[in-house]
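Comments concern the structure below.
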Amino acid sequence: MDTVSVKDVGQYAGKEVKLQGWVYNLRKSGKIWFLIFRDGTGIIQCTVIKNLVDPEIFEKKSLLTLESSVIVTGIVREEPRSVGGYELTVKTVQEVQIADEYPIGKKEHGPDFLLSNRHLWLRSAKQSALLKIRHTVYYAITEYLNNNGFYRFDSPILTPSACEGTTTLFEVPYFEQGKAYLSQSGQLYLEAGIMSLGKCYDFGPVFRAEKSKTRKHLTEFWMMDAEAAYVKHEGNMKIQEELIRYVIRTAIERNKTELEILERDIDQLQKADAPFKKVTHREAIDYVNSKGASIGYSDDLGTQEEDLLVEGSDVPVFVEKWPAEAKAFYMKRDENDPSIVLGDDLIAPDGFGEIIGGSEREDNHDMLLDRMHQEKMNIAEYQWYLDLRKYGSVPHSGFGIGLERLVGWISGVRHIREAIPFPRTIYRINP
RNA sequence: UCCGGAGUAGCUCAGUGGUAGAGCAGGUGGCUGUUAACCACUUGGUCGGGAGUUCAAAUCUCUCCUCCGGAGCCA
């Protein structure tokens, strides 16, 4: 008898198999009962019929509880009445461990309760589907990069100073040297990496000690940063668009079942695999102001403005060419207008906000130094970064993708905290 | 940090001054095709903590705590 996964039972119709997993639900009747069984690959209904099994097996109906671990054997049978199309006519049920009363019931729960029970919530169908989509998105991103000449280059997580602002860092004690900080982006290190590898990327956790309390923010999240030598602003956006469209296609191809479990509108998602819209920051301001907003040409886009901008759009929208004061010190100036930097944000539809931030980087030593002075940065700490502009500097560009936001948008879940196994937010570090 | 909301059974919630409630979960019984199964019965309460007003407080006032949503900042 073969031990099989639920996803493969279709290949075993008419045969006896062994399944190893957990009790997802139980429905008991007088002389028949149903064990809804899950094993991580899928869910199948197992039917236990009184006159087909030993009395001791039949009586397990009063022993088993929700989420008890069980090993079941029986005959796989095609069954149109059952979800998934197959059913198991049970021969034996062996309990591995009888679960205590399971805290997560069949009715709805509030977010606080579910997050406090995240270690158990992960087992529910939607959360399991979401984790599978996260897996696909993660791999699709790295597949695209690997197929396009990018080398994986792991940036450090413990860093001596900030990449961008200085108010959002987590501090950790670091021996005699005092303090170190958890990385908020590997970007600056990648700029060193491309001078060795041409194109490279990192993918790992980054940390922001921002006191953000919104459905788009976590204090620990996963970011992919990519960087490429001799790529300019336009080429940078082209890579970003191709990458995101590849991820969308891959998710639809590999996770149709999971997207259906999450009730994601797949046709709508499909429409996002089309040329993305591009507007300059200036055009974006004019547009949102015409829709009722009232912001100036040097302002950043707030949540409301982002929502207005993508409202009714099937595809994500690039906002490029930002006023320098709204963006980071390392972004390259536009040759035609020194008040503008060659940065781009990619705004996802459906309120997930910015899923990519990218830019062409300043490659001129003196201009970069000027900007750092303006920002009152500690030049000594960034000497190595300035060095990159002294030893064979080249035009180069890069961008960062927030994994959870991308997963959230593709999955259609409302809150980003569901897009990571154990979310870290300002008031929650357990479990 | 600011603005708004919430805290009542294990869970989700109703209850706006006069005997503490429902659904689900748990327990008992019934049911051979259930799909968040159903039916009957049933266990379960420091109404977030403290103080105050009142003959009387889950309900009104003050205060503290916890959580949620949003803003700012960002991916």
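These numbers were taken from a predicted model, which means no experiment stands behind them. Proteins get letters first, then strands, A, B, ... in listed order; numbering begins at 1 in each.
Nucleotides B:G5 and B:U63 are separated by 15 Å at their P atoms, to the nearest Å. A gap of 25 Å separates the P atoms of B:A51 and B:C11, to the nearest Å. Taking the P atoms as reference points, B:U1 lies 43 Å from B:G44, given to the whole Å. Rounded to a whole angstrom, the distance from the P atom of B:G10 to that of B:G48 is 13 Å. Nucleotides B:U46 and B:A57, compared at atom C1', are 15 Å apart to the nearest Å. As rounded to the nearest Å, B:A22 and B:U42 have C1' atoms that lie 15 Å from one another. Straight-line distance between the P atoms of B:G23 and B:A14: roughly 16 Å, to the nearest whole Å. Distance check on atom C1': B:G50 versus B:G21 gives 27 Å, rounded to whole Å.
Distance from the side chain of A:Thr303 is smallest for B:G72 among the nucleotides B:G33, B:G72, B:A75. Of the candidates B:C74, B:U32, B:G33, B:C74 carries the atom nearest the A:Arg405 side chain, counting heavy atoms from C-beta on. In the set B:G26, B:U34, B:G33, the nucleotide with an atom closest to the side chain of A:Glu87 is B:G33. Out of B:G33, B:A75, B:A36, the shortest distance to the side chain of A:Asn25 is found at B:A36. With distances taken from any side-chain atom of A:Ile32 to the nucleotides B:U32, B:U34, B:C74, the minimum falls on B:U32. Of all nucleotides listed (B:C74, B:G26, B:A71), B:C74 comes nearest to the side chain of A:His217. Distance from the side chain of A:Thr214 is smallest to B:G70 among B:G70, B:U34, B:C74.
A cation-pi arrangement is present between A:Arg282 and A:Tyr297, with the terminal nitrogen or guanidinium carbon under 6.0 Å from the aromatic centre and inside a 45° cone about the axis.
At the heavy-atom level, A:Gly302 lies under 4.0 Å from the strands shown only through sugar-phosphate atoms. Residue A:Glu220 is out of contact with every strand shown, counting any heavy-atom pair closer than 4.0 Å. As judged by a 4.0 angstrom heavy-atom cut-off over every strand, A:Phe113 is placed among residues touching the sugar-phosphate backbone only. Note on A:Ile356: only backbone sugar-phosphate atoms sit closer than 4.0 angstrom, heavy atoms only; bases stay farther off.
Under 3.5 Å, the side chain of A:Gln304 and the base of B:G70 form no donor-acceptor pair of N or O atoms.
Checked by atom type, the side-chain pair A:Tyr102/A:Asn117 shows no donor-acceptor distance below 3.5 Å. A side-chain N or O of A:Asp314 and one of A:Gln268 form a donor-acceptor pair less than 3.5 Å apart.
Taking 4.0 angstrom as the limit, A:Arg417 places a side-chain polar atom (N or O) nearer than this to OP1 or OP2 of B:G69. The side chain of A:His415 contributes an N or O atom lying less than 4.0 Å from OP1 or OP2 of B:G69. Contact between the side-chain N/O atoms of A:Arg215 and the OP1/OP2 oxygens of B:G70 is found at a separation under 4.0 Å.
The distance from the CG atom of A:Asp273 to the CD1 atom of A:Ile252 is 7.0 Å, given to the nearest 0.5 Å. Within the model, atoms OG of A:Ser298 and NE2 of A:His281 stand 8.0 Å from one another, a figure rounded to the nearest 0.5 Å.
The partner of B:A20, taking Watson-Crick or G-U wobble pairs whose two distances both stay under 3.5 Å, does not exist in any strand shown. Across all strands shown, the partner of B:C41 is B:G27, judged by Watson-Crick or G-U wobble contacts whose two distances both fall under 3.5 Å. Base pairing of B:A71 is made with B:U1, judged by Watson-Crick or G-U wobble geometry with both donor-acceptor distances under 3.5 Å.
Here B:C24 presents its P atom at 15 Å from CG of A:Leu66, a figure rounded to the nearest Å. Residue A:Lys216 contributes atom NZ, which lies 6 Å from atom P of B:A71 at whole-angstrom precision. To the nearest angstrom, C1' of B:U34 lies 8 Å from CD1 of A:Ile36.
A salt bridge is defined here as a Lys NZ or Arg NE, NH1 or NH2 lying under 4.0 Å from an Asp or Glu carboxylate O, and A:Arg405 with A:Glu354 fails to meet this definition. Between A:Lys126 and A:Glu263 there is a salt bridge, with a side-chain nitrogen of the basic residue lying less than 4.0 Å from a carboxylate oxygen of the acidic one.
In this structure, the aromatic ring of A:Phe34 is not positioned over the six-membered ring of the base of B:G33 within 5.5 Å between centres and 30° between planes.
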